[in-house]
Amino acid sequence: MYTQALNTKDTSDTSRPGDSARLAVFQATIDAEDKIEANDWMPEAYRRTLVRQISQHAHSEVIGMQPEGNWLTRAPSLRRKAALLAKIQDEAGHGLYLYAAAETLGVRREELYAQLLSGKAKYSSIFNYPTETWADIGVIGWLVDGAAIMNQIPLCRCSYGPYARAMIRVCKEESFHQRQGYEIMLTLCRGTAAQKAMAQDALNRWWWPALMMFGPSDTDSIHSADSVRWKIKRFSNDELRQRFIDATVPQGLHLGLTFPDPALRLDEASGHWQHGEIDWAEFKRVLAGGGPMNAQRLAHRRQTEDDGAWVREAALAFAEKRRQAKVTRVAAE
Amino acid sequence: MSRAEAQQAIALGDDALVLGHRLSQWSSRAPTLEEDIALSNLALDLIGQARLFYTLAGEMEGEGRSEDDFAYFRDASAFRNVILVELPNGDFAQTMMRQLLFAAFMHPYFAATAEHATHAGFRDIAAKAVKEMAYHVRHAGDWVIRLGDGTAASHRRTRAALDALWPATGELFEMDADETALAASGVVPDRATLHAPWQATLDRVLGEAGLARPDGDAHTLTGGRRGAHTAHLAPMLEDMQSLARAHPGATW
Ligand SMILES: [Fe+2]
Ligand SMILES: [Fe+2]
């Protein structure tokens, strides 16, 4: 998890003389569907766009550990407990690959953390909702990891090599998470009346926030011609959202659940599921920090940073002592 | 005999589950992302061992109890884990010190079980677990060395962790009449024979960390094997068991 198209556009121009020849090579590489690698020349705006997108994605993975972590100690069977712990561990791993991909662009992980904690950097709005019952664990795997896959499959072909390769690994694990989440839902829906009610309630609360994961509607979004030309973005927000709805609605109906959208109906002519209007005011509010859990998510992350500071300092001090001891040893030989 | 064997499997399962659960409480709270992943690995190893031991115990009892019956439907007084594993995590130094003290014992315990145990059920689990515990000794040992020989503050915390946990280490070597009888017939190792390898691992790590092995009484925090737990276990289990118990008979 989880990139979210926020369509921020890079406007600053930092071109220098001689760039136009290099720019032509750069664009030709992309047009040929070859990869740009860390040491290749790239326009500053490309670099900044990628740093912003990749770090936002990395932050989402790391913040995304918290809502599911809320049920880790209460998982209702040992099998589910182990699976949930392994899933959250995967998300930490995704954060790690993505920070590493961002670092190839010349930023340090510590700077990116600082941007997250200061509120300067965003993360996916979905993680600012609370996980109220165990069924939320099923719904998050099914819908949230499912939406992440829709967003991220095209990124496996992103023009920036380190990001594309990280996405290939991440997508494999996200599809495992999606299946696992659906399987939790299936078990609940075949279970007791209380379990089925829990599943329906979770779908009611998470459906709209999941649709918002694809970002603003195409009519309202700042169209980023650069991202398209650079092959960072290949499909529009609404196209990806539609694919997700078309894939997900039949799965929900198979579970015997209903969707909290009275306008949802299959358009026979196009074969697509049509949906009601998304509450964009809520989307903007949550993204801007006004969601039910924004403050707690950042406070948790800040506390973790603070609590671990002495450990990181000790590890650095130890490494430095060992390095100096080695220098002294080598000098004595 | 099979009742005593099942009791052994339950006690080993309880040690693993309670410590695995404690480690899982670190998820999203570790000092670095790398360490978050490592702590989850340790927790997953232990939860995996607990599942195997509970399943074995259920087979030995022959009364149809599942792994989840053992984990979710027994109260604290029925748990047979040592006190060492139920104590709260404390800071990162205490978590790593506890892991070292426990794994430095379990590694030779499983090595002896894998090699000599007369019961195939114990032998098979031990053959897998011995590799996992070797990693736990290495990982926790590396951290104890780093923290002990890091900054003045980290040294102080590591020292305090060792002092706080030391009184709970003696229980690792305690054996009741049933376990003594099983050890005599070769089903489980004699815990007394593991004191030397345990101490050798500790001395090596503590030596590199610049810490001395405490000479205080190692037996003042004991009783877990008899079901006499500290006040820390019951709330941990209440949280862990709350959802499963709210829906008795449900499948998850
Ligand atoms: Fe992820
Ligand atoms: Fe995921």
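Chain naming here is simple, since letters A, B, ... match the order of the sequence lines and numbering starts at 1 in each.
No side-chain donor-acceptor contact under 3.5 Å links Ser27(B) to the backbone of Ser24(B). Between the side chain of Gln241(B) and the main chain of Arg74(B), a donor-acceptor pair closer than 3.5 Å is present.
Both the backbone and the side chain of Arg74(A) come within contact range of chain B, with heavy atoms under 4.5 Å apart. If you measure heavy-atom distances from Leu44(B) to chain A, the contacts under 4.5 Å come from both the backbone and the side chain. The part of Ala71(B) that comes within reach of chain A is its side chain, from C-beta onward, which places non-hydrogen atoms under 4.5 angstrom from that chain.
Contact tally against chain B (heavy-atom pairs below 4.5 Å) for Lys321(A), Met65(A), Gln66(A), Arg322(A): the top residue is Lys321(A). When Ala309(A), Pro76(A), Gly138(A), Ala314(A) are compared by the number of non-hydrogen pairs under 4.5 Å with chain B, Pro76(A) comes out ahead. Counting heavy-atom pairs closer than 4.5 Å to chain A, the top residue among Ile47(B), Leu243(B), Asp149(B) is Asp149(B). Highest contact tally toward chain B, considering only Ser77(A), Ala315(A), Gly191(A), Gly95(A), is held by Ser77(A) [criterion: heavy-atom pairs under 4.5 Å]. Note: Glu34(B) leads Glu34(B), Met236(B), His247(B) in heavy-atom pairs under 4.5 Å with chain A. The candidate from Leu17(B), Asp239(B), Leu39(B), Ile145(B) with the greatest count of non-hydrogen atom pairs under 4.5 Å with chain A is Asp239(B).
Note that Arg169(A) lies in the cation-pi zone of Tyr97(A), set by a 6.0 Å cut-off to the ring centre and a 45° limit from the axis.
Between Asp68(B) and Arg80(A), no side-chain nitrogen of the basic residue sits less than 4.0 Å from a carboxylate oxygen of the acidic one, so the salt-bridge criterion is not met.
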For a salt bridge (Lys or Arg N to Asp or Glu O under 4.0 Å) check, start with the C-alpha distance between Arg146(B) and Glu35(B), then their side-chain angles and the critical distance, and finish with the verdict. CA-CA 14 Å; Arg146(B) 242 178 248 139; Glu35(B) 195 51 34; 5.8 Å; no
